[in-house]
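Have a look at the structure below before the remarks.
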Protein chains: 2
Amino acid sequence: MVEKRTRLSRDQVLAAGVELADAVGIEALTMRKLGEALDVKAMSLYHHVANKEQLLDGMTDLVFAEIDLPDDTDWRTSMRVRAFSARTAMGRHPWALRLMGSRTTPGEATVRHHNAVLGVLRRAGFPLALAAHAFSVLDAYIYGFAVQEQSLPFDTEEAPTELAQAILAQFPTDRYPYLAELTARYVESHDYNYAQEFTFGLDLILDGLERALTVGAAAYTPARE
Amino acid sequence: MVEKRTRLSRDQVLAAGVELADAVGIEALTMRKLGEALDVKAMSLYHHVANKEQLLDGMTDLVFAEIDLPDDTDWRTSMRVRAFSARTAMGRHPWALRLMGSRTTPGEATVRHHNAVLGVLRRAGFPLALAAHAFSVLDAYIYGFAVQEQSLPFDTEEAPTELAQAILAQFPTDRYPYLAELTARYVESHDYNYAQEFTFGLDLILDGLERALTVGAAAYTPARE
DNA sequence: GTTGTAAACTTACTTTGTAAGAATGAGGCT
DNA sequence: AGCCTCATTCTTACAAAGTAAGTTTACAAC
């Protein structure tokens with residue numbers, strides 16, 4: 001009659017954490033609720049994670065693991081693919097974004113990912129300093145864009161730009177003419193979409209990097225390299 | 001003998017919140033501690049802010065107010081100045097960064113700032129769509145960079161790169177050769193610094209925007225404009 | 001069986017946000 | 001002056017959450 005109780009593993013706990021956070025949001029993810037989801041009391045979780053912090057670290061790393069590692073087609077498309085992949089993963093797990101901002105100890109997937117990105121760049125001929133720069137711009141942009149995308153009320157299926165207007169309406173609209181213009185036009189012509197916005201910035205950055213690589217490779221290469 | 005009790009105002013509460021968060025970190029900012037700092041019981045704060053959420057919203061907006069508004073010198077230096085100013089403000093209030101990621105209702109300073117940025121771009125001749133794109137890339141980059149800068153252990157006065165190595169050392173170093181190379185070289189040549197990293201990406205983006213503005217202005221301008 | 005040990009449970013404490021209502025006190029009205 | 005009013009502050013209290021400490025359970029090797 002009693003169901004066979006399968007023992008929990010750390011991986012199961014982390015996976016359930018991701019699932020629960022996806023479902024109810026990260027702020028509603030409590031140890032007790034996670035326990036319930038796993039059919040276990042809250043305190044049992046502490047045999048698999050040291051504390052909630054570590055649980056969140058692990059969950060963050062799981063999300064990182066979802067991002068495609070760049071392969072060795074040319075560096076440009078490789079970076080492009082991983083950028084889109086990262087954006088998709090963030091879209092799947094909105095909470096992960098905010099966690100990444102607060103977490104300081106990267107997990108294994110995170111490290112692996114960073115290493116792979118650097119590898120692609122280095123093998124494509126980026127001098128070390130330029131590779132570091134490229135990594136920095138790209139990551140900052142991808143991350144920053146994803147955060148914006150989620151903070152802003154655009155692009156949601158429900159109430160696409162109405163919310164934006166509601167927010168703006170709180171303030172004397174005529175004092176912020178440029179913002180008003182922007183939102184007005186977007187209400188009017190609904191062809192604005194975030195995917196294309198993302199692409200613009202990404203390609204702009206990739207263009208810049210390409211130029212830096214071909215034109216200025218010498219400049220970025222220290223004498224000894 | 002009894003000191004004259006000056007009445008609290010919402011502004012005082014927000015300002016004290018910022019100060020306290022700067023001092024002890026955002027996670028240690030509790031209503032009770034904030035009350036103490038203002039020589040008042042926790043519940044008294046609720047006459048000036050509806051709840052803690054709103055307090056954090058207000059604090060975030062205060063930080064935004066610290067960022068210089070762009071003026072109408074040429075758009076490029078204008079954007080550059082505000083980018084550095086934003087980075088500085090974030091540096092002063094590290095917690096604000098993470099808050100911005102979670103807060104969805106922008107305050108007045110935030111709206112004013114966004115409007116001013118758009119204004120500079122529009123007056124400099126950016127077609128609306130391009131202005132929107134420019135705004136998006138720049139903000140994503142500035143924000144994303146600031147987050148990275150604070151998550152990563154580089155650039156801190158104490159233990160500049162040692163922490164980075166400690167983290168990396170958790171994993172089999174030879175499995176992540178490119179990361180190892182990066183950190184190793186930075187230990188060796190200590191001339192790496194984040195300010196210059198920030199500048200690289202920023203100028204790269206500004207270059208790209210300039211090109212888009214001059215070369216491709218026609219392309220971004222819809223027929224009716 | 002006996003026993004050792006990892007996993008799960010029970011209980012309980014602390015910290016935090018905040019609801020509800022009582023006390024206080026400053027400014028205006030008569 | 002005396003009183004009213006109402007914003008501000010305080011008191012008390014509760015519920016939710018993280019987690020410490022110690023106990024129980026159950027499987028596995030002898």
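All values derive from a computational prediction rather than experimental measurement.
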Note to self: For Glu53(B) and Lys41(A), find the nucleotide of DNA chain C closest to each by heavy atoms; which residue's nucleotide sits nearer the 5' end?
What the structure shows: Lys41(A)

Among [options], the one nearest [X] by side-chain distance:
X: Met43(A); options: dC10(D), dT18(C), dA20(D); value: dA20(D)
X: His48(B); options: dT16(C), dT9(D), dG17(C); value: dT9(D)
X: Arg7(B); options: dC9(C), dA7(D), dG17(C); value: dA7(D)
X: Lys52(B); options: dT19(D), dT9(D), dT16(C); value: dT16(C)

Checklist line | Salt-bridge criterion met for Arg112(B) and Asp61(B) (N-O under 4.0 Å) | finding: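 A salt bridge is absent here (no side-chain N lies under 4.0 Å from a carboxylate O).
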
Checklist line | Lys/Arg-Asp/Glu bridge criterion (N-O < 4.0 Å) met for Asp57(B), Arg103(B) | finding: yes

Next item on the list: Would you check, one step at a time, whether the test salt bridge (charged side-chain N to carboxylate O under 4.0 Å, His left out) holds for Arg92(B) with Asp22(B)?
Entry: CA-CA 8 Å; Arg92(B) 258 196 301 271; Asp22(B) 285 349; over 6 Å; no

Could you tell me how far apart [X] ([atom1]) and [N] ([atom2]) are, to the nearest whole angstrom?
X: Leu45(A); N: dA20(D); atom1: CG; atom2: P; value: 14 Å
X: Leu55(A); N: dA17(D); atom1: CG; atom2: C1'; value: 14 Å
X: Tyr46(B); N: dA7(D); atom1: OH; atom2: C1'; value: 19 Å
X: Glu36(B); N: dT9(D); atom1: CD; atom2: C1'; value: 16 Å
X: Asn51(B); N: dA16(D); atom1: CG; atom2: C1'; value: 16 Å
X: Met31(B); N: dA16(D); atom1: CE; atom2: P; value: 19 Å
X: Leu34(B); N: dT16(C); atom1: CG; atom2: P; value: 13 Å
X: Glu27(A); N: dG18(D); atom1: CD; atom2: P; value: 12 Å

Item checked: Pi-cation contact, Phe198(A) with Arg87(A) (under 6.0 Å, within 45°) -> yes

Next item on the list: Taking only the side-chain nitrogens and oxygens of Ser44(A), find out if one of them lies under 4.0 Å from OP1 or OP2 of dA7(C).
Entry: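 For Ser44(A), the contact criterion (side-chain N or O under 4.0 Å from OP1 or OP2 of dA7(C)) is not met.
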
Check: Hey, is the side chain of His47(B) poking within less than 4.0 Å of OP1 or OP2 on dC10(D), counting only N and O atoms?
Finding: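 So the side-chain polar atoms of His47(B) never come under 4.0 Å of the phosphate oxygens OP1 or OP2 of dC10(D).
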
Note to self: Please report whether the ring centroid of Phe135(B) lies less than 6.0 Å from that of Tyr178(A).
What the structure shows: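 Here the rings of Phe135(B) and Tyr178(A) have centres that are no less than 6.0 Å from each other.
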
Item checked: Donor-acceptor pair (no angle test) under 3.5 Å: Arg32(A) side chain, dA17(D) base ->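 Yes, a donor-acceptor pair under 3.5 Å.
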
